[in-house]
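Before any comments, here is the structure.
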Amino acid sequence: MSGARATAPAGLFRDPFTVVDGGLSTAFEELGHHPDGALWTAQLVVDRPEVVVAAHRRFVDAGADVVISSSYQASIEGFERAGLDATAARAALASTTELARRSGADVVAASVGPYGAYLADGSEYRGVYTASWAEVRAFHRRRLEVLVDTGPDVFAVETVPTVAEAEIVLDELDRLGAPASWLTFTCRDAESTCGGERFADAVATVAAAGSLVAVGVN
């Protein structure tokens, strides 16, 4: 993570560095569970929430300062597609912050994956969707309205393929009065995002977001 620009909330960053957790799916595998399907790691939020807590806690026990929630591929639409009704889908999404809190982490980051993660077709690594940007915005708004209400310390906006989607997510977070966020782009080479923009230009564009504390590459 590089390029911090705004004042981070007290306690978010440590001196001389902050330790963020690792891959959640890897932790699940070490616990004997193998995420698969459209919900990926979010499936265990419904089926085995205690395993989610245990996976988060492994990172805390290893020295992580920040635990990222299991909401990367979680969404109201995704849970509904998996068979939950609207109320249960919202509750499952909201629970991801609490499950991370139960790990004992000092800082909980609510993970926000791109629209392509919900599609589960790899499009977050291409940056090309058949949906309109209005549809993408509506998708993020529904999810963020739930996650902001859960009170995470920071938002981890991850693996975003294009500047357009990054701006949508950051705009919605600002509209909802969310806490600080960091954002990582996916890149197809040393200079370009997966959407084809120059990474340096992408960083300069999103840097205007008032709540953004860091930009990086995922």
Side-chain angles (χ1 to χ4, degrees), residues 21-29 33-48 51-52 55 68-86 88-90 92-96 99 109-147 155-173 181-199 202 205-206 215-218:
D21 65 2
L24 188 58
S25 59
T26 302
F28 286 157
E29 290 174 359
H33 299 270
H34 300 276
D36 197 8
L39 284 177
W40 195 40
T41 54
Q43 186 65 55
L44 286 173
V45 172
V46 178
D47 296 342
R48 297 289 302 275
V51 174
V52 179
I68 302 174
S69 74
S70 52
S71 54
Y72 172 83
Q73 202 148 344
S75 65
I76 297 170
E77 291 86 346
F79 284 127
E80 288 177 336
R81 186 172 61 186
L84 278 64
D85 63 30
R90 292 177 68 88
L93 177 59
S95 74
T96 58
L99 295 176
S111 179
V112 179
Y115 180 72
Y118 153 69
L119 298 177
D121 61 359
S123 57
E124 69 266 39
Y125 303 109
R126 298 189 299 271
V128 178
Y129 306 142
T130 58
S132 68
W133 287 122
E135 291 171 319
V136 172
R137 180 180 290 274
F139 167 83
H140 283 299
R141 178 174 295 177
R142 290 187 72 198
R143 176 166 59 168
L144 293 174
E145 285 173 344
V146 172
L147 290 175
F155 275 84
V157 185
E158 305 181 279
T159 69
V160 180
T162 63
V163 170
E165 187 167 13
E167 289 185 303
I168 285 172
V169 176
L170 295 174
D171 182 56
E172 291 298 320
L173 285 170
S181 59
W182 74 63
L183 182 143
T184 59
F185 286 103
T186 48
C187 290
R188 65 188 187 189
D189 55 40
E191 296 183 354
S192 305
T193 69
C194 284
E197 302 109 342
R198 289 185 65 250
F199 177 70
T205 298
V206 300
V215 180
V217 178
N218 189 301

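Only heavy atoms go into these numbers, but all of them, side chains included; no hydrogens, no water, no symmetry mates. On a predicted model such as this, the values are computed, not experimentally measured, just so you know.
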Between Tyr115 (side chain) and Phe139 (backbone), is there a donor-acceptor pair under 3.5 Å? no
Val206 to Ala166 - nearest heavy-atom pair and separation: CG1-CB, 3.9 Å
Given the options Thr96, Thr41, Thr159, Tyr72 meets side-chain hydrogen bond (donor to acceptor under 3.5 Å, both in side chains) only with Thr159
Does a side-chain heavy-atom distance below 4.5 Å link Trp182 with Val157? no
Donor-acceptor check, side chain of Glu165 to backbone of Thr162, threshold 3.5 angstrom: yes or no? no
Distance-minimising heavy-atom pair for Gly116 and Ser123: CA-OG, 3.2 Å
Arg143 side-chain N/O to Gly113 backbone N/O, donor-acceptor pair under 3.5 Å: yes
For residues 74-82, which side-chain donor-acceptor pairs fall under 3.5 Å, sequence neighbours excluded?
residue	atom	partner	partner atom	Å
Ser75	OG	Gly78	N	2.9
Glu77	OE2	Arg142	NH1	3.1
Arg81	NH2	Tyr118	O	2.8

In short, Phe28 meets Val52 closest at the heavy-atom pair CE2-CA, 3.7 Å
Does Arg137 have any salt bridge (Lys or Arg N to Asp or Glu O under 4.0 Å) partners at least two apart in sequence or in another chain, and if so, which? Asp171, Glu172
Would you say the side chain of Trp40 lies within less than 4.5 Å of the side chain of Ser25, judging by non-hydrogen atoms? yes
Given side-chain contact (heavy atoms from CB on, under 4.5 Å), test Leu170 with Ser181 step by step and report yes or no. CA-CA 8 Å; Leu170 295 174; Ser181 59; 3.6 Å; yes
Contacts satisfying salt bridge (Lys or Arg N to Asp or Glu O under 4.0 Å) that involve residues 111-127 (not counting sequence neighbours) are none
If we only count heavy atoms from C-beta on, is the Tyr129 to Val136 side-chain gap below 4.5 Å? yes
Does CD in Glu29 sit with more than 12 non-hydrogen atoms of other residues, nucleotides or ligands closer than 6.0 Å? yes
Heavy-atom pair of closest approach, residues Val169 and Leu144: O-CD1, 4.0 Å
Checking the side chain of Thr193 only, and the main-chain atoms of Glu197 only, is there a donor and an acceptor separated by less than 3.5 Å? yes
What pair of heavy atoms forms the shortest contact from Val45 to Ser70, and how long is it? CG2-OG, 3.3 Å
Hey, does the side chain of Asp21 reach the backbone of Ile68 with a donor-acceptor pair shorter than 3.5 angstrom? yes
Checking the side chain of Ser71 only, and the main-chain atoms of Ser111 only, is there a donor and an acceptor separated by less than 3.5 Å? yes
Given side chains that start at C-beta, do those of Val217 and Phe185 come closer than 4.5 Å, heavy atoms only? no
Considering only heavy atoms from C-beta outward, does the side chain of Ser192 approach that of Cys187 to under 4.5 Å? no
Can a donor-acceptor pair be found, under 3.5 Å and without considering hydrogens, that links the side chain of Glu191 to the backbone of Arg198? no
Locate the shortest heavy-atom distance separating Ala164 from Trp133; write the atom from each residue and the value. CB-CZ2, 3.6 Å
